[in-house]
There are 2 protein chains.
Amino acid sequence: MVSKAFQPVPASEIPDEISGLRMTRQRQHIYRILLQHRDHPTANDVFMRIKDTLPNLSLATVYTCLDAMVKHGIIRQVNFDRGPSRFCPNLAEHGHFHDVTTGIIHDVKFKSGIHLEDVLDLPPGAIIKNVEFTLRGQLS
Amino acid sequence: MVSKAFQPVPASEIPDEISGLRMTRQRQHIYRILLQHRDHPTANDVFMRIKDTLPNLSLATVYTCLDAMVKHGIIRQVNFDRGPSRFCPNLAEHGHFHDVTTGIIHDVKFKSGIHLEDVLDLPPGAIIKNVEFTLRGQLS
DNA sequence: CTGATAACTGGAATAATTCTTGATATCGGC
DNA sequence: GCCGATATCAAGAATTATTCCAGTTATCAG
């Protein structure tokens with residue numbers, strides 16, 4: 001059984017606007033790709049996957065569209081070390097487990113009821129706007 | 001009072017070898033800079049700070065020396081978003097709080113007794129080799 | 001001292017991303 | 001529907017951080 005949780009917006013019907021960002025044809029296609037293949041693709045991966053359906057899409061446009069969607073909180077940008085940025089439409093607070101043997105990236109959530117202040121020694125007065133964490137390892 | 005914890009190795013007497021890595025003159029200078037200014041400098045920052053004392057040090061050498069020390073577990077490499085890599089000699093497991101108003105980076109540790117597996121929903125069978133986390137925000 | 005190996009230098013090369021300039025598309029008002 | 005204002009896009013050049021390469025220098029073992 002395939003979980004519906006991974007298709008919150010049917011790929012075929014993406015609205016004309018999301019969180020104040022006009023969803024142009026290019027942006028709709030890009031967003032659709034992110035919703036369909038949730039494997040944290042790079043900008044170039046996205047570009048390659050769209051090329052056939054939008055032959056004169058520019059890689060620069062993929063970059064600016066992804067950036068616009070990140071700025072509007074529609075998708076998230078994830079960086080592993082110095083590698084190329086990757087993108088995912090999973091907006092829930094989560095981090096990533098990078099399986100070094102397969103290269104697959106799994107989303108990782110906090111256990112329910114866990115809050116950062118409870119587990120970290122934060123500088124006094126710290127107001128956290130954004131959290132990112134990455135684990136590297138392998139599945140036994 | 002200045003904490004001694006921040007100067008585990010007196011900057012003036014760095015051994016000829018650390019964890020199996022021969023500490024050449026260049027590596028000693030680079031390591032000394034990291035111990036003295038614990039502000040998470042980039043490779044280029046390190047280069048600029050050493051130029052006066054080692055005028056014909058190459059930036060490429062700074063990169064390879066930093067990399068060698070990272071590989072030998074002498075220092076840690078830290079990446080924030082897509083910015084240049086930063087380096088720190090604090091080997092204890094820790095993450096970073098990036099104050100977006102001042103740009104200052106603070107080390108953040110887990111509260112004692114807290115382990116990742118306790119707070120994260122890891123994929124079953126995950127063996128974690130390495131953890132990295134970054135918080136962004138500001139001090140009130 | 002001498003050859004073998006590791007490290008270093010300076011410049012060229014690379015990869016990801018951003019910038020720039022001109023062309024297109026879209027929207028609100030008429 | 002037309003028109004100007006604005007947003008978006010395309011293509012290629014430029015930028016930035018980093019790595020590679022080829023030749024030189026330093027260090028170590030015998």
Side-chain angles (χ1 to χ4, degrees), chain A residues 14-33 40-72 74-88 103 105, chain B residues 14-33 40-72 74-88 103 105:
Chain A
I14 290 171
D16 287 352
E17 187 180 309
I18 304 181
S19 343
L21 182 68
R22 212 173 81 209
M23 291 301 280
T24 61
R25 195 157 38 95
Q26 289 84 341
R27 289 178 187 153
Q28 290 180 333
H29 276 263
I30 291 169
Y31 188 43
R32 191 169 292 149
I33 292 292
H40 302 83
T42 64
N44 196 59
D45 292 339
V46 172
F47 179 59
M48 302 293 245
R49 289 173 187 175
I50 297 185
K51 258 206 319 229
D52 291 337
T53 43
L54 284 183
N56 43 7
L57 174 72
S58 158
L59 177 56
T61 302
V62 174
Y63 273 101
T64 55
C65 288
L66 286 169
D67 189 55
M69 289 191 272
V70 168
K71 293 245 168 73
H72 283 73
I74 300 170
I75 61 175
R76 276 189 48 187
Q77 176 169 5
V78 183
N79 298 300
F80 297 108
D81 302 310
R82 300 242 84 240
S85 288
R86 295 166 174 281
F87 298 87
C88 79
I105 294 155
Chain B
I14 291 170
D16 288 353
E17 188 180 310
I18 303 182
S19 342
L21 182 69
R22 211 174 82 209
M23 291 301 279
T24 61
R25 195 156 38 94
Q26 289 85 342
R27 289 177 187 155
Q28 291 180 332
H29 276 262
I30 291 169
Y31 188 43
R32 189 170 294 150
I33 292 293
H40 304 81
T42 64
N44 196 60
D45 291 338
V46 172
F47 179 59
M48 301 293 244
R49 289 172 188 176
I50 298 185
K51 258 205 322 228
D52 291 337
T53 44
L54 283 184
N56 43 9
L57 172 72
S58 159
L59 178 56
T61 302
V62 175
Y63 273 101
T64 55
C65 288
L66 287 169
D67 189 55
M69 289 192 272
V70 168
K71 294 243 168 74
H72 283 74
I74 300 171
I75 62 175
R76 276 189 48 188
Q77 177 169 3
V78 183
N79 298 301
F80 298 107
D81 302 312
R82 300 244 87 236
S85 288
R86 295 168 174 280
F87 298 86
C88 80
I105 294 155

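Being a predicted model, the structure only gives us computed values, none of them experimental. Values below: every heavy atom of this structure, side chains too, minus hydrogens, waters and symmetry copies. Convention: sequence-line order gives letters A, B, ...; per-chain numbering from 1.
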Does any residue of residues 40-67 of chain A have a heavy atom under 4.0 Å from DNA chain D, and if so, which ones, in number order?
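Only Asn56(A), Leu57(A), Ser58(A), Ala60(A), Thr61(A), Cys65(A) qualify.
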
Under 4.5 Å between any side-chain heavy atoms of Gln26(A) and Val62(A), yes or no?
no

Nearest whole Å is fine: how far is [N] [atom2] from [X] [atom1]?
X	N	atom1	atom2	result
Asn79(A)	dA15(C)	CG	C1'	15 Å
Lys71(A)	dT17(C)	NZ	C1'	12 Å
Arg27(B)	dT9(C)	CZ	C1'	14 Å

Give, for atom [atom1] of [X] and atom [atom2] of [Y], the distance between the pair rounded to the nearest 0.5 Å.
X	Y	atom1	atom2	result
Ile75(A)	Leu66(A)	CD1	CG	5.0 Å
Thr61(A)	Arg27(A)	OG1	CZ	9.5 Å
Ile33(B)	Ile30(B)	CD1	CD1	9.0 Å
Leu57(A)	His29(A)	CG	NE2	9.0 Å

Using only side-chain N and O atoms of Arg22(B), determine if any of them is under 4.0 Å from OP1 or OP2 of dA6(C).
no

For the pair Arg86(B) (side chain) and Ala43(B) (backbone), establish whether a donor and an acceptor sit closer than 3.5 Å, ignoring hydrogens and angles.
no

DNA chain D: 5'-most and 3'-most nucleotides touching chain B, 4.0 angstrom heavy-atom criterion
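The footprint of chain B covers dA17(D) to dT27(D).
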
Decide yes or no on side-chain contact (heavy atoms from CB on, under 4.5 Å) for Ile74(B) and Tyr31(B), but give the supporting numbers first.
CA-CA 9 Å; Ile74(B) 300 171; Tyr31(B) 188 43; 3.8 Å; yes

Mind listing the closest non-hydrogen atom pair of [X] and [Y] along with its distance?
X	Y	result
Ile14(A)	Gln28(A)	O-NE2, 3.2 Å
Cys88(B)	His40(B)	CB-CD2, 3.7 Å
Pro41(B)	Arg49(B)	CB-NH1, 3.8 Å

Are Asp67(A) and Lys71(A) ion-paired here, with the side-chain N under 4.0 Å from a carboxylate O?
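Counted as a salt bridge, because a side-chain N and a carboxylate O are separated by less than 4.0 Å.
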
On DNA chain D, check which nucleotide each of Gln26(A) and Arg82(B) is closest to and give me the residue with the more 5' one.
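So the residue in question is Gln26(A).
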
How large an angle, rounded to 10°, do the end axes of the helix from dC1(C)-dG30(D) to dC30(C)-dG1(D) enclose when each is built from five base pairs?
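Computed angle between terminal axes is 30°.
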
